[in-house]
*Asks:* 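Attaching a single structure in structure tokens format; questions to follow.
What you are looking at is a predicted structure, and each value in this text was computed from that prediction instead of being measured. Per chain, numbering begins at 1; letters A, B, ... match sequence-line order.
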Number of protein chains: 2
Amino acid sequence: MNAPARHVSPAGEVADPRVEALVNDLIGAVADKWTLLILEELEQAGTLRFSEIGRRVPTISQKMLTQTLRAMERNGLVSRTVHPVVPPHVDYGLTDLGQSLGAAFCGVWIWAEKHCDSVEAARERFDRR
Amino acid sequence: MNAPARHVSPAGEVADPRVEALVNDLIGAVADKWTLLILEELEQAGTLRFSEIGRRVPTISQKMLTQTLRAMERNGLVSRTVHPVVPPHVDYGLTDLGQSLGAAFCGVWIWAEKHCDSVEAARERFDRR
DNA sequence: CGGCATCCTCCTGGATACTG
DNA sequence: CAGTATCCAGGAGGATGCCG
């Protein structure tokens with residue numbers, strides 16, 4: 001995901017271009033389908049094992065699961081705890097940063113739930129041409 | 001974007017599976033990099049022409065611009081007004097639905113601005129291995 | 001169990017050229 | 001100006017197999 005352009009914060013002031021590139025990049029990294037779904041699951045459950053997350057997000061392949069978890073870990077959103085036992089046991093949980101992101105996305109989930117009918121209606125109207 | 005699994009709303013109650021699929025699909029449709037950036041621009045400017053949006057989001061190709069605007073229009077997020085003059089003049093603006101989505105994403109932008117340093121730090125820590 | 005490596009396919013998305 | 005059409009490369013992402 002490359003880093004696009006200019007952004008003026010909701011507060012109104014124009015951001016320094018360096019920060020801005022970072023922010024846009026960050027939005028791209030974080031506003032990802034799998035990231036969002038995993039974030040949701042971890043927020044609900046607190047802590048989950050690798051395979052548990054897979055079960056809760058059935059449409060994700062384990063490749064994407066690994067990949068997404070790794071990216072989230074790199075971005076400081078999740079913590080990964082390996083218990084040195086056989087068979088292996090790895091727990092994933094949200095960091096404080098991850099939890100704050102979950103809270104930030106809460107508004108979007110609510111929006112989606114509230115307006116999914118409107119969107120569906122809009123789609124049908126649009127498609128009828 | 002296919003439609004994944006189960007979702008429990010922030011309010012806590014388990015959603016009806018039909019709504020749920022829609023919501024997840026909606027998240028996928030809406031949590032898209034270009035959609036977010038265009039949403040931001042239209043929210044700031046109120047109304048923009050096709051080429052003006054392109055100028056404000058320099059990294060977007062005009063193909064993706066057309067495509068994303070069309071999808072947003074279909075989802076009822078933007079309204080498209082064609083002025084029948086030569087040369088053509090087309091205005092794009094947010095609908096009420098689009099504005100409400102912009103408001104919902106506001107929290108995410110703020111999060112990104114507030115925590116981009118933490119994320120960068122986390123990345124450096126992670127990469128140092 | 002929780003991965004990583006490999007292979008292979010498809011779709012996204014960029015570049016370019018053409019039109020009303 | 002605001003698109004549509006075409007071509008093409010690269011990356012996303014699924015399937016499978018192996019390892020600690």
*Asks:* Any base atoms under 4.0 Å from A:Pro88, or only sugar-phosphate, or nothing? Heavy atoms, all strands.
*Replies:*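 Touches a base.
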*Asks:* Tell me the interatomic distance from A:Ile60, atom CD1, to D:dA12, atom C1', rounded to whole angstroms.
*Replies:*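 To the nearest whole Å, that distance equals 12 Å.
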*Asks:* Give the rounded distance in Å between these two atoms: CG of A:Asp32 and P of C:dT12.
*Replies:*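 Taking atom P of C:dT12 as the reference, CG of A:Asp32 is at 15 Å.
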*Asks:* Just how far, in rounded Å, is P of D:dA2 from CG of B:Asp91?
*Replies:*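 Atom-to-atom, B:Asp91 to D:dA2, this comes out as 8 Å.
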*Asks:* Could I get the full list of side-chain contact (heavy atoms from CB on, under 4.5 Å) partners for B:Lys63, not counting sequence neighbours?
*Replies:*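 If we apply the side-chain contact (heavy atoms from CB on, under 4.5 Å) test to B:Lys63, skipping adjacent residues, the hits are B:Ser61, B:Gln67.
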*Asks:* Kindly give the atom pairs (protein nitrogen or oxygen, nucleotide nitrogen or oxygen) under 3.5 Å for nucleotides 3-5 of chain D.
*Replies:*
| from | atom 1 | to | atom 2 | distance (Å) |
| --- | --- | --- | --- | --- |
| D:dG3 | OP1 | B:Arg70 | NH2 | 3.4 |
| D:dG3 | OP1 | B:Arg80 | NE | 3.4 |
| D:dG3 | OP1 | B:Arg80 | NH2 | 2.5 |
| D:dG3 | OP2 | B:Tyr92 | OH | 2.5 |
| D:dT4 | O4 | B:Gln62 | NE2 | 3.2 |

*Asks:* List the residues meeting salt bridge (Lys or Arg N to Asp or Glu O under 4.0 Å) with B:Glu43, not counting sequence neighbours, and say none if there are none.
*Replies:*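 B:Glu43 satisfies salt bridge (Lys or Arg N to Asp or Glu O under 4.0 Å) with no other residue.
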*Asks:* Side-chain N or O of A:Ser51 less than 4.0 angstrom from OP1 or OP2 on C:dG2?
*Replies:*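 Affirmative; the distance criterion is met.
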*Asks:* May I have the list of side-chain donor-acceptor pairs in residues 93-105 of chain A shorter than 3.5 Å, sequence neighbours left out?
*Replies:*
| from | atom 1 | to | atom 2 | distance (Å) |
| --- | --- | --- | --- | --- |
| A:Thr95 | OG1 | A:Gly76 | O | 2.6 |
| A:Thr95 | OG1 | A:Leu77 | O | 3.0 |
| A:Thr95 | OG1 | A:Leu97 | N | 3.3 |
| A:Thr95 | OG1 | A:Gly98 | N | 3.0 |
| A:Ser100 | OG | A:Leu97 | O | 2.6 |
| A:Ser100 | OG | B:Trp111 | NE1 | 2.7 |

*Asks:* Show me the pairs that pass ring pair (Phe, Tyr, Trp, His ring centres under 6.0 Å) and involve residues 36-84 of chain A, at least two apart or across chains.
*Replies:*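 Sorted pair list: A:His83-A:His89.
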*Asks:* Apply salt bridge (Lys or Arg N to Asp or Glu O under 4.0 Å) to A:Arg80 and list each qualifying residue two or more places apart in sequence or on a separate chain.
*Replies:*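 Residues passing salt bridge (Lys or Arg N to Asp or Glu O under 4.0 Å) with A:Arg80: none at all.
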*Asks:* Output the rounded distance in Å from CG (B:Leu65) to C1' (D:dC1).
*Replies:*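 Rounding to the nearest Å, CG of B:Leu65 and C1' of D:dC1 are 13 Å apart.
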*Asks:* Between D:dG13 atom P and A:Trp34 atom CH2, what is the distance in whole Å?
*Replies:*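 Roughly 8 Å, once rounded to whole Å.
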*Asks:* Just jot down the side-chain hydrogen bond (donor to acceptor under 3.5 Å, both in side chains) partners of A:Thr35, sequence neighbours excluded, or say none.
*Replies:*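 Result, side-chain hydrogen bond (donor to acceptor under 3.5 Å, both in side chains) vs A:Thr35: A:Asp32.
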*Asks:* Whether B:Arg49 contacts D:dC1 is assessed here as follows: a side-chain N or O lying under 4.0 Å from the phosphate OP1 or OP2. Is that the case?
*Replies:*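 Checking D:dC1 against B:Arg49, no side-chain N or O comes under 4.0 Å of OP1 or OP2.
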*Asks:* In residues 118-129 of chain A, what donor-acceptor pairs under 3.5 Å come from side-chain atoms, sequence neighbours left out?
*Replies:*
| from | atom 1 | to | atom 2 | distance (Å) |
| --- | --- | --- | --- | --- |
| A:Arg123 | NE | B:Asn75 | OD1 | 2.6 |
| A:Arg123 | NH1 | B:Asp25 | OD2 | 3.1 |
| A:Arg123 | NH2 | B:Asn75 | OD1 | 3.2 |
| A:Asp127 | OD1 | B:Arg74 | NH1 | 2.9 |
| A:Asp127 | OD2 | B:Arg74 | NH1 | 2.4 |
| A:Arg129 | NE | A:Arg125 | O | 3.4 |

*Asks:* Is it possible for you to say whether B:Tyr92 and B:Val82 belong to one hydrophobic cluster, with membership spreading through side-chain heavy-atom contacts below 4.5 Å?
*Replies:*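 The answer is yes; both residues are in one hydrophobic cluster.
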*Asks:* Does A:Ser61 place a side-chain N or O at less than 4.0 Å from the phosphate oxygens OP1/OP2 of D:dG13?
*Replies:*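 False: A:Ser61 side-chain N/O out of range (4.0 Å or more) of D:dG13 OP1/OP2.
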*Asks:* Salt bridge or not between B:Glu73 and B:Arg70? Use side-chain N to carboxylate O under 4.0 Å.
*Replies:*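 B:Arg70 and B:Glu73: salt-bridged.
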*Asks:* Tell me the interatomic distance from B:Leu37, atom CG, to C:dG13, atom P, rounded to whole angstroms.
*Replies:*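 Rounded to the whole Å, the gap is 13 Å.
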*Asks:* Just the rounded figure in Å: distance from P of C:dC1 to NE2 of A:His89.
*Replies:*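 Taking NE2 of A:His89 and P of C:dC1, I get 11 Å after rounding.
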*Asks:* What is the distance, rounded to the nearest whole Å, between atom CD of A:Gln67 and atom P of D:dG11?
*Replies:*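 Rounded to whole Å, this separation is 13 Å.
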*Asks:* Could you spell out the base pairing of DNA chain D in dot-bracket, with Watson-Crick or G-U pairs whose two distances are under 3.5 Å, [ ] crossing and | to another strand?
*Replies:* |||||||||||||||||||.
